[in-house]
There are 2 protein chains.
Amino acid sequence: MLDDADRKIIARLQADARTPMAELGQAAGLSASAAHDRVRRLTERGVIRGMTLRADPAAIGRGVLGFVFVALGGPAVEAAFVETLRADPAVLECHHVTGDWSYLLKVRVADIAGLEALLGRLKATGALVRSHSMIALSSPKDDGAPSPFPDMPLSDLPPEVTP
Amino acid sequence: MLDDADRKIIARLQADARTPMAELGQAAGLSASAAHDRVRRLTERGVIRGMTLRADPAAIGRGVLGFVFVALGGPAVEAAFVETLRADPAVLECHHVTGDWSYLLKVRVADIAGLEALLGRLKATGALVRSHSMIALSSPKDDGAPSPFPDMPLSDLPPEVTP
DNA sequence: ATTGAAATCTCCAGCGT
DNA sequence: ACGCTGGAGATTTCAAT
């Protein structure tokens with residue numbers, strides 16, 4: 001279980017993964033070393049999975065965002081299909097979902113031709129029976145704020161970046 | 001435009017946002033200060049949008065992942081609806097998509113009751129005409145690897161974390 | 001968890017392409 | 001513009017308590 005200090009530290013690092021340990025400690029009522037210890041232990045426990053950079057998708061050659069529903073032939077081909085997805089850098093996410101489809105994929109490609117190429121790769125596995133693609137025209141909300149804590153008091157949230 | 005050094009730096013920071021400048025420089029064939037300059041300029045240009053922590057969703061009280069399609073009443077209520085979504089921490093993403101629905105939402109909640117509560121909040125706006133929810137049973141691939149560069153040589157990729 | 005100290009890193013000059 | 005070297009100050013990280 002996470003205690004209050006853990007939550008405050010995690011909330012800070014979600015807002016800025018390079019926040020100094022001293023500042024994390026201050027937010028949690030701890031010394032810099034204690035904050036550092038918390039981060040190390042949370043990482044060991046797997047609560048913290050890593051720190052990553054958020055980049056402008058268009059600038060890194062992935063300006064088109066799409067969602068692809070797929071239906072597969074059967075359990076026999078499923079494992080191989082998932083392995084193909086895992087290895088394909090255009091596929092960001094793959095979720096086994098309830099409903100009419102086997103998987104929902106979140107994909108990022110450079111352009112529409114890239115989406116067609118990706119669908120070709122999926123078909124080439126032989127596992128794909130049917131698919132349905134949707135393109136995101138715009139994204140009013142995106143990966144900006146990664147799942148914060150439910151019901152955390154505003155006073156505990158990191159200070160807003162005021163542009 | 002990004003040059004080769006920019007791409008190598010960004011790839012490194014995607015793997016670990018706390019990589020020291022000296023190491024970034026080494027990967028890109030630059031000094032630590034030059035790497036620092038690159039990061040500063042990429043951030044100013046908006047290519048780098050920030051550094052964030054990836055946490056275990058279950059550990060932070062968001063163990064249930066869902067996707068919600070919504071159809072709205074019309075353009076008049078759309079803006080207010082989007083504002084509600086933006087303010088709701090359970091809504092991670094909101095995409096305007098092609099097809100039969102207005103928006104596709106990616107949501108994270110603690111449990112099924114949390115999903116019901118979220119749908120209640122969406123209905124309460126008065127803008128929602130119809131919705132269709134799907135729950136992710138499992139996620140063979142998730143936010144682990146954020147959109148890497150297309151066609152980057154393996155030799156330029158950051159060293160794998162070998163557990 | 002804390003303090004203190006050492007090792008490391010950031011980040012600013014100053015200067016040269 | 002873009003890079004390098006050097007160094008002061010901040011930060012991380014390891015002891016010892």
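Any value given below was found using the heavy atoms of this structure, including those in side chains, with hydrogens, waters and symmetry copies removed.
- Environment of CZ in B/R41: crowded, with over 12 heavy atoms of neighbouring residues, nucleotides or ligands closer than 6.0 Å.
- Between A/D142 and A/R108 there is a salt bridge, with a side-chain nitrogen of the basic residue lying less than 4.0 Å from a carboxylate oxygen of the acidic one.
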Checklist line | Pair B/E83-B/R86, salt bridge (charged side-chain N to carboxylate O under 4.0 Å, His left out): steps then yes or no | finding: CA-CA 5 Å; B/E83 270 323 295; B/R86 280 161 119 19; 3.5 Å; yes
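- To the nearest 0.5 angstrom, A/I9 atom CD1 is 7.0 Å from A/L42 atom CG.
- With sequence neighbours excluded, no residue satisfies ring-ring contact (aromatic ring centres under 6.0 Å, His included) with A/H132.
- The end-to-end axis angle of the helix from C/dA1-D/dT17 to C/dT17-D/dA1, rounded to 10 degrees and based on five pairs per end, is 30°.
- Among the protein residues, A/R40 comes within range of no part of the nucleic acid, since none of its heavy atoms lies under 4.0 Å from any strand.
- Bracketed by its first and final contacts, the part of DNA chain D lying under 4.0 Å from non-hydrogen atoms of chain B reaches from D/dC2 to D/dT12 in 5' to 3' order.
- The stretch residues 25-36 of chain B touches DNA chain C through B/S33, B/H36, each having a heavy atom within less than 4.0 Å of the strand.
- Looking at A/S139, its side chain never comes within 3.5 Å of a backbone N or O of A/K141 through a donor-acceptor pair.
- To the nearest 0.5 Å, atoms NE2 (A/H95) and NZ (B/K106) are separated by 4.5 Å.
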Next item on the list: Begin with the C-alpha distance, continue with both residues' side-chain angles, and end with the deciding distance and a verdict on salt bridge (charged side-chain N to carboxylate O under 4.0 Å, His left out) for B/K8 and B/D4.
Entry: CA-CA 6 Å; B/K8 286 172 182 169; B/D4 212 50; 3.2 Å; yes
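- Side-chain N/O atoms of A/E78 and A/Y103 include a donor and acceptor closer than 3.5 Å.
- The footprint of chain A on DNA chain C, defined by a heavy-atom cutoff below 4.0 Å, extends from C/dA1 to C/dT10.
- Residue B/R38 is tested with B/I10, B/L24, B/I48, B/D3 for a side-chain contact (heavy atoms from CB on, under 4.5 Å); the sole match is B/D3.
- Taking Ile, Leu, Val, Met, Phe, Trp and Tyr as hydrophobic and joining them when side-chain heavy atoms fall under 4.5 Å apart, one finds B/L137 isolated, its cluster having no other members.
- In this structure, CH2 in A/W101 is found 8.0 Å from CZ in A/F69, a value given to the nearest 0.5 Å.
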